[in-house]
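Letters A, B, ... are given to chains in the order of the sequence lines, protein chains preceding strands, and every chain is numbered from 1. Hydrogens, waters and symmetry mates are skipped; everything else that's a heavy atom, side chains included, is used. Not measured: the values here are computed from a predicted model.
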There are 2 protein chains.
Amino acid sequence: MGYRIYIKMSIQIRFSLNEGLYLKDPQDSKLGKNIIQHSILLIDEFGFESFTFKKLAEKIGSTEASIYRYFENKHILLIFLVNWYWEWVSYLIQINTMNVSDARVKLKIIIHSFVSAPKDNPGVEYVNESKLHNIVISEGVKAYLTKDVDEENSKGFFSSYKNLANTVSHVISEINPEFKYPYALATNLFEMSNNHIYFAKHLPRLTDISVNGNNVDEAETMLNYFADKLLF
Amino acid sequence: MGYRIYIKMSIQIRFSLNEGLYLKDPQDSKLGKNIIQHSILLIDEFGFESFTFKKLAEKIGSTEASIYRYFENKHILLIFLVNWYWEWVSYLIQINTMNVSDARVKLKIIIHSFVSAPKDNPGVEYVNESKLHNIVISEGVKAYLTKDVDEENSKGFFSSYKNLANTVSHVISEINPEFKYPYALATNLFEMSNNHIYFAKHLPRLTDISVNGNNVDEAETMLNYFADKLLF
DNA sequence: TTTTTTATGATAGTATCGCTATCATTTTAA
DNA sequence: TTAAAATGATAGCGATACTATCATAAAAAA
């Protein structure tokens, strides 16, 4: 009865993250991908504090010991996830601004990319970008707000974020070469985005915007307004 | 040979914090004050994650059980400390802006108050304001970045911060009634202050300012610049 | 003062956490 | 087919985050 030919094509995005962040690259194996996938789900659902490798192991039908073969501890795993997110945002920015020459338009696209990233994108099978975004919002700063910052920073654990900040600061300087705080504005846009999406959801009296479900348009509008006012 | 008369005068500042934050008011007893004093020192020195009631108990020559009679757990203690800080900043702002009518000047004073608060002030005997400021910078956001935010917020655990944000937003609206984001700007000034002082110390490539020891003048200048640009 | 209440100290105990070690088994590569 | 690498199973250990109980000390009320 003839042939059926199945062609399985998979285009995979794969980010090269700092090698100190894992003992064995989780992107290389089924178990590794499972760890990433379900750690995102668990941290998003229960929060980073009550997340443990034991619970994760149970959830994916593996063992604590196996997970420790990939990540030194849950703190390093968090840094890994956050880096993954910023690499992904960098990637989005890169492809979305590829043929754009006007720096002002570029900045708009950049803001859109990190505020609404998960909304627009298909992404990677084993990463729920929307939940990862929530983790970055709610837990992201815990990656560097520890007594190990200096040591971890010297190992390059925060380079994804720093590179992105650098890229954005260049766009800012292109818009207004006189502006004295291009790095601060760049990082402030990121932090402000995270903070105010969180505030809108949990501490609404600390912000003026509101967020309905996944609709973060007001955040985007506000960030554009701030950037415009500061740069023009 | 006659008399010596000792007059012991102590003017005490005492903030009334949300009663849900403690089981017994630590401001009422020697042990309570000891807990506050040395928890600040320990958290500042070793970070919130590795801070435990057991270590604190050892340090003050007491026991774990006794500390648990004051605070439910270390997380609530952190919220207490952060609230104390914001109450203190509110107090500083209130007395420093008392006879100031110009809203622009007020905002400058406000910014100076929370950026440089510990530098200017004598304060309360058992609170090292400078170290408490460091804690707010490095650990402050962990007070609300947890899965218990909503519940704790409904109990009023973050009201000190919200009240302050409210006060500042009114000054902002006084300066420019057209400005659409008075609350967001208010909180952003606080967060930006904390973030960039931290960045200057630990992740300098994320900011443009530098901080030398306790000299945070560049942070203050930057915040004033941002506020001016946004409001005028 | 004496009594009663309240605050603190001393000690023990329990479940979970964070992590390491060892050995068996399965999967993959040579 | 054999060797190597990856995973699973299990145990264990010290620390954490509490809770409970009882004794003692300090403060307040009688």
For B/E152, give me all partners under salt bridge (Lys or Arg N to Asp or Glu O under 4.0 Å), at least two apart in sequence or on another chain.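 Salt bridge (Lys or Arg N to Asp or Glu O under 4.0 Å) list for B/E152, sorted by chain: empty.
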Counting the benzene-type ring for Trp, do B/F190 and B/Y161 have ring centres under 6.0 Å apart?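 Yes, they do, as the ring centres are separated by less than 6.0 Å.
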So, for A/Y70 and A/F53, is the gap between ring centers shorter than 6.0 Å?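 Centroid distance A/Y70-A/F53: not below 6.0 Å, so no.
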Measure from [atom1] on [X] to [atom2] on [N] and round the result to the nearest Å.
{"X": "A/D28", "N": "D/dT7", "atom1": "CG", "atom2": "P", "result": "10 Å"}
{"X": "A/I67", "N": "D/dA6", "atom1": "CD1", "atom2": "C1'", "result": "14 Å"}
{"X": "A/I76", "N": "C/dG18", "atom1": "CD1", "atom2": "P", "result": "14 Å"}
{"X": "B/Y68", "N": "D/dC18", "atom1": "OH", "atom2": "C1'", "result": "5 Å"}
{"X": "B/K74", "N": "D/dT16", "atom1": "NZ", "atom2": "P", "result": "9 Å"}
{"X": "A/K33", "N": "D/dT7", "atom1": "NZ", "atom2": "C1'", "result": "17 Å"}
{"X": "B/N73", "N": "D/dT19", "atom1": "CG", "atom2": "C1'", "result": "14 Å"}
{"X": "A/H75", "N": "C/dC19", "atom1": "NE2", "atom2": "C1'", "result": "17 Å"}

Quick check on side-chain contact (heavy atoms from CB on, under 4.5 Å): which of B/T187, B/I110, B/V89 does B/L164 satisfy it with?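 Testing each of B/T187, B/I110, B/V89 against B/L164, the sole residue satisfying side-chain contact (heavy atoms from CB on, under 4.5 Å) is B/V89.
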Which ones in residues 46-56 of chain A lie close to DNA chain D, meaning a heavy atom under 4.0 Å from one of its atoms?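 The answer is none.
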Take A/N34 and A/Y126 through the side chain to side chain donor-acceptor pair (under 3.5 Å) test and state the conclusion after the steps. CA-CA 7 Å; A/N34 253 306; A/Y126 57 93; over 6 Å; no
If you look at every heavy atom in A/I209 and A/E218, which pair is closest and at what distance?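 For A/I209 and A/E218, the tightest heavy-atom pair comes out as CA-OE1, 3.4 Å.
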If every non-hydrogen atom of B/A57 is compared with every non-hydrogen atom of B/T63, which pair is closest and at what distance?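 Taking every non-hydrogen atom into account, CB-C, 3.4 Å.
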List, with names and distances, any nitrogen or oxygen atoms from the protein found under 3.5 Å away from nitrogen or oxygen atoms belonging to nucleotides 7-14 of chain C.
unit_1: C/dT8; atom_1: OP1; unit_2: B/Y70; atom_2: OH; d: 3.1
unit_1: C/dT8; atom_1: OP2; unit_2: B/K24; atom_2: NZ; d: 3.2
unit_1: C/dT8; atom_1: OP2; unit_2: B/Y70; atom_2: OH; d: 2.8
unit_1: C/dG9; atom_1: OP2; unit_2: B/S62; atom_2: OG; d: 2.4
unit_1: C/dG9; atom_1: OP2; unit_2: B/S66; atom_2: OG; d: 3.1
unit_1: C/dG9; atom_1: N7; unit_2: B/R69; atom_2: NH1; d: 3.3
unit_1: C/dG9; atom_1: O6; unit_2: B/R69; atom_2: NH2; d: 2.9

Strictly below 4.0 Å, N to O, side chains only: are B/E49 and A/K142 in salt-bridge contact?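 The answer is no: the pair does not qualify as a salt bridge.
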Okay, side chain of A/Y85, backbone of A/I135: is any donor-acceptor separation there less than 3.5 Å?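 No; zero donor-acceptor contacts below 3.5 Å.
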